[in-house]
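Heavy atoms only: backbone and side chains are in, while hydrogens, waters and symmetry mates are out.
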Amino acid sequence: MIGKKSLTILAISLSLGASAQFGLSAGPALTKSFGAPKMLAGFHIGGEVSQDDASSYFARFSYFPGGLESTDYQVALIDNATNNFAFDPLTGFQLLTRMNSTKTNYTKLEGGIRYYLIDGYETGFSVYGGSKIVIGFNKVKADYTPYNEAKYRLTDGLAKSGTAFSLGFGLQGGLKYGIVGLGTVFFDLGVDFLLTGSNSNDVPYYSNYLYRVQDGTVVAYRQPTFTFSLGFRKDLFVR
């Protein structure tokens, strides 16, 4: 009798404590900053914890491998021996190299809260929306016309690669359909607004994915950024 009562109390306790679900999600994604030349394709993985059937907290990692774009910038070279601008000893003209292309990739971390309407977080059809904090990392690689790297170097601020860091906030909305015992399929759209950013050097300024350039001068950081995500969420356990 004592054993049966103990099992009954344990079952009731577990059922009362089963108030939140944890799910893992993954899928393909596309991102594009306003005015950027084209979209970048990538993937996302994330986690979500329900507070009740109407709200949840989520975190997501997204990675977009890169977009290649042609450039046509002339870049002055520095003479390693004199630390001044390099000049051709035969012609007397200043030595230049050319930045032929850049390749930009994007890593994004985001987290926030979602609110579910209609059937709620778990099963059935629902619409959801909410706000989020966004942290972005961009790496930009530059390809230059070959030059004698033993004698010359790029001007200060330029290199073969550079990184850009950004911090901001965003809004998100989507649709989901959950099937009992299987999982949840979802699609959402995120809009991010960047509040601050910093670069390791000048290379990111040459990426049209990140900055808007007018007459050779950086005018502004491209924003907002739109991200489209398709995915599948599997709830792993109940606590």
Side-chain angles (χ1 to χ4, degrees), residues 19-67 104-139 164-179 182-197 209-212 220-236 238-239:
S19 59
Q21 290 183 305
F22 174 73
L24 288 177
S25 61
L30 297 170
T31 190
K32 186 179 189 298
S33 297
F34 184 77
K38 61 181 179 179
M39 288 187 173
L40 300 180
F43 65 90
H44 65 88
I45 57 175
E48 189 169 0
V49 179
S50 67
Q51 300 307 294
D52 50 44
D53 203 40
S55 65
S56 69
Y57 293 108
F58 80 96
R60 178 186 286 178
F61 166 88
S62 301
Y63 179 67
F64 303 90
T104 306
N105 62 39
Y106 185 31
T107 301
K108 181 169 68 169
L109 302 174
E110 54 189 327
I113 189 168
R114 290 173 176 159
Y115 298 98
Y116 288 84
L117 300 176
I118 308 178
D119 284 335
Y121 168 87
E122 187 175 358
T123 59
F125 173 80
S126 297
V127 297
Y128 61 87
S131 58
K132 57 181 178 173
I133 299 296
V134 180
I135 300 174
F137 301 91
N138 296 87
K139 184 171 184 179
F165 167 82
S166 57
L167 177 66
F169 72 96
L171 301 174
Q172 187 183 78
L175 308 171
K176 71 88 181 172
Y177 185 75
I179 303 173
L182 181 60
T184 300
V185 177
F186 63 88
F187 171 79
D188 57 50
L189 165 65
V191 182
D192 303 335
F193 301 90
L194 303 177
L195 300 178
T196 183
Y209 288 99
L210 302 181
Y211 290 94
R212 185 163 59 89
Y221 205 89
R222 290 196 183 277
Q223 57 179 331
T225 297
F226 302 91
T227 302
F228 307 87
S229 302
L230 176 67
F232 179 79
R233 189 190 78 220
K234 181 68 175 179
D235 292 318
L236 301 181
V238 177
R239 62 173 177 84

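Tested against Lys108 for a side-chain hydrogen bond (donor to acceptor under 3.5 Å, both in side chains), the candidates Thr227, Thr31, Asn138, Thr225 yield a single pass: Thr227.
Distance check, rounded to the nearest 0.5 Å: CG of Leu210 to OG1 of Thr104 gives 5.0 Å. In this structure, Tyr115 OH and Gln172 CD are separated by 13.0 Å, a value rounded to the nearest 0.5 Å. With values rounded to the nearest 0.5 angstrom, Asp192 atom CG is found 10.5 Å from Ile133 atom CD1. If you take NZ on Lys234 and CG on Leu182, they are separated by 6.0 Å, rounding to the nearest 0.5 Å.
Across all their heavy atoms, Phe186 and Leu230 have their closest contact at O-CD1, 3.4 Å. For the residue pair Gly170 and Val134, the shortest heavy atom distance occurs at N-CG2, 4.3 Å. Across all non-hydrogen atoms, the minimal contact from Phe64 to Ser62 is CE1-CB, 3.8 Å. Pairing each heavy atom of Ser229 with each of Ala29, the nearest pair is OG-CB, 3.9 Å. In plain terms, the two heavy atoms of Ser131 and Phe58 that are nearest each other are O-CE2, 4.4 Å. Heavy atoms only, all atoms of each residue included: Tyr116 and Ser126 are closest at CD2-CB, 4.1 Å.
Distance alone, capped at 3.5 Å, places no donor-acceptor pair between the Lys132 side chain and the Ile113 backbone. Asp119 contributes no side-chain N or O that, together with a main-chain N or O of Glu122, makes up a donor-acceptor pair within less than 3.5 Å. The backbone N or O of Lys139 lies less than 3.5 Å from a partner atom in the side chain of Asn105, making a donor-acceptor pair. In terms of modelled atom types and a separation under 3.5 Å, the side chain of Lys176 and the main chain of Gly120 share a donor-acceptor contact. In this structure, His44 contributes its side chain and Ser25 its backbone to no donor-acceptor pair below 3.5 Å. Judged by distance alone, the side chain of Ser50 and the main-chain N or O of Gln21 form a donor-acceptor pair under 3.5 Å. A distance-only check finds no donor-acceptor pair linking the side chain of Arg60 to the backbone of Ile45 [under 3.5 Å].
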Are Tyr106 and Phe137 close enough, and set up right, to give a ring pair (Phe, Tyr, Trp, His ring centres under 6.0 Å), and what steps lead you there? CA-CA 6 Å; Tyr106 185 31; Phe137 301 91; 9.1 Å; no
Please lay out, stage by stage, how Tyr121 and Asp235 fare under the test side-chain hydrogen bond (donor to acceptor under 3.5 Å, both in side chains). CA-CA 11 Å; Tyr121 168 87; Asp235 292 318; 2.9 Å; yes
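A heavy-atom distance below 4.5 Å is found between the side chains of Phe193 and Pro224. At least one side-chain heavy atom of Tyr209 sits less than 4.5 Å from a side-chain heavy atom of Pro37. Contact of the Leu167 side chain with the Phe169 side chain is not registered, since no non-hydrogen atoms from C-beta on lie closer than 4.5 Å.
Looking at Asp188 and Tyr128, their side chains do bring a donor and an acceptor atom within 3.5 Å of each other.
Phe125 has its ring centre no less than 6.0 Å from the ring centre of Tyr177. Remark: aromatic rings of Phe34 and Phe226 are distant, center separation not under 6.0 Å.
Every residue two or more places apart in sequence or in another chain that forms a salt bridge (Lys or Arg N to Asp or Glu O under 4.0 Å) with Glu48 is listed here: Arg114, Arg233.
The neighbour count for Tyr57 OH, taken as heavy atoms of other residues, nucleotides or ligands under 6.0 Å away, does not exceed 12.
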